[in-house]
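Reading through the structure tokens given below for one structure.
These values consider heavy atoms only, across backbone and side chains, with no hydrogens, waters or symmetry-generated copies.
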Amino acid sequence: MTEATKSQQPETAESNLTSEQVSHYLANHPEFFEEHRGILNSLSIPHIGSGQSTSLIERQVASLRNDNAKLTQRLNSLIENARTNDQLFDKTKSLLLALVAANTAIQVRDRIEAAMHEDFGSACCRLWLIDNSADLPGEILLSEQEIRNKAERLITPNQPFCGLLKEEECSLLFTDQAGLVGSAAVMPLRVGDHLVGVLAIANQDRNYYRDNMDTSLLTFIGDVAAAIIDRLTGY
């Protein structure tokens, strides 16, 4: 073998290497650049969109900074969600304590409607009771038959309805405040299979209450309200 042939062998071997082989080798030897720092410092990568090149280390630093910014944004979002949940918990706790202390169905109605408007930011809220008791004032009563005739789809499920109301449903549930309603959540208040009332909450935003939204908090408030109304009215 001549010297010329020997000198050509490394070049020939190198030319036969594929990018996949190089990538596989580096992936299986992560310590390579630790042992060959000179190569690491000399590598450069084109910066997308600018045509300029940056060193691999600069690119890694930029990537780490970008990842750090994303993690910081995510952490801030989690903190904000936790703060919002704490506020919702405090407002819900205050409302439930007020309901437990109520002595009449009128007080239950007044406290729910006030809390939903003042603390939870609803455009309007109406609590209707079923007219099974002569002791209840007419302004908070609806007959079960009237509800079934005009808004049966809202009370048939055992969970809140969230979305857009038909005109007759809106007029029935919100009366003179119907013009404030963009979207609404409507909860049948039941004790067992017995319908004791209907809680209707509205927002001016047509997209605020949606059929895929989480209604666990509203359901919880409705269940507590139904139990208290049942105790106070003796249905």
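- Put simply, CZ on R148 and OG1 on T156 are 6.5 Å apart, with the number rounded to the nearest 0.5 Å.
- The main-chain N or O of F174 is never found under 3.5 Å from a side-chain atom of Q177 such that the two would form a donor-acceptor pair.
- Side-chain heavy atoms closer than 4.5 Å link hydrophobic residues (I, L, V, M, F, W, Y) into clusters, and following such links, even through other members, never connects V100 to F89.
- Every residue two or more places apart in sequence or in another chain was checked for a salt bridge (charged side-chain N to carboxylate O under 4.0 Å, His left out) with E20, and none qualifies.
- Of all heavy-atom pairs between L142 and L173, the closest is CD1-CD2, 4.4 Å.
- The CG atom of L97 sits 7.0 Å away from the NZ atom of K93 when rounded to the nearest 0.5 Å.
- Proximity of a side-chain donor or acceptor of S23 to a complementary backbone N or O of S19 within less than 3.5 Å is not detected.
- Between the OH atom in Y209 and the CG atom in D211 there is a gap of 14.5 Å [rounded to 0.5 Å].
- Under the 3.5 Å distance criterion, the side-chain polar atoms of S77 are left unmatched by any main-chain donor or acceptor of Q73.
- Annotation: side chain of I147 is in contact with side chain of I155 (closest heavy-atom distance under 4.5 Å).
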L96 and F220: CA distance, side-chain angles, deciding distance, side-chain contact (heavy atoms from CB on, under 4.5 Å) verdict: CA-CA 10 Å; L96 296 183; F220 177 57; 3.2 Å; yes
side-chain contact (heavy atoms from CB on, under 4.5 Å) between I201 and M187, intermediate numbers included: CA-CA 9 Å; I201 307 168; M187 285 166 283; 3.7 Å; yes
Exercise answer: donor-acceptor pairs, residues 111-120 side-chain atoms, under 3.5 Å, sequence neighbours excluded:
unit_1: R111; atom_1: NH1; unit_2: A98; atom_2: O; d: 2.7
unit_1: E113; atom_1: OE2; unit_2: L127; atom_2: N; d: 3.0
unit_1: H117; atom_1: ND1; unit_2: S122; atom_2: O; d: 3.0

Check against side-chain contact (heavy atoms from CB on, under 4.5 Å), I106 and R109: CA-CA 5 Å; I106 292 291; R109 189 276 308 268; 4.0 Å; yes
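- For K91, the NZ atom counts as densely surrounded, since its 6.0 Å shell holds more than 12 non-hydrogen atoms of other residues, nucleotides or ligands.
- Across R231 and A102, no two heavy atoms sit closer than the pair NH2-O, 4.1 Å.
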Residue pair I229, L129: steps toward the side-chain contact (heavy atoms from CB on, under 4.5 Å) verdict: CA-CA 9 Å; I229 289 169; L129 302 184; 3.4 Å; yes
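- The line from OG1 of T233 to CD1 of I228 is 11.5 Å long, rounded to the nearest 0.5 Å.
- What you find for A202 and V181 is that their closest heavy atoms are CB-CG2, 3.6 Å.
- Here the straight-line distance linking atom CD1 of I79 with atom CG of L75 works out to 4.0 Å at 0.5 Å rounding.
- Between L189 and A226, the shortest heavy-atom distance links the atoms CB-CB, 3.9 Å.
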side-chain hydrogen bond (donor to acceptor under 3.5 Å, both in side chains) between Q145 and N149, worked out: CA-CA 6 Å; Q145 188 58 49; N149 288 343; 2.9 Å; yes
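- Between the side chain of N76 and the backbone N or O of T72, at least one donor-acceptor pair lies under 3.5 Å.
- To the nearest 0.5 Å, atoms CH2 (W128) and CD (E146) are separated by 8.5 Å.
- Here the side chain of N85 pairs a donor or acceptor atom with the backbone of N81 at under 3.5 angstrom.
- Applying the salt bridge (charged side-chain N to carboxylate O under 4.0 Å, His left out) criterion to R74, with sequence neighbours excluded, gives no partner residue.
- Counting all heavy atoms, side chain and backbone alike, L154 lies closest to P188 at O-CD, 4.0 Å.
- Across L164 and R153, no two heavy atoms sit closer than the pair O-NH2, 3.2 Å.
- For the pair T104 (side chain) and Q107 (backbone), a donor-acceptor distance under 3.5 Å is present.
- For E167, the CD atom sits in a loose shell: 12 or fewer heavy atoms of surrounding residues, nucleotides or ligands are nearer than 6.0 Å.
- M213 and L218 fall within the same hydrophobic cluster, where Ile, Leu, Val, Met, Phe, Trp and Tyr residues are linked whenever their side-chain heavy atoms come under 4.5 Å apart, directly or through other members.
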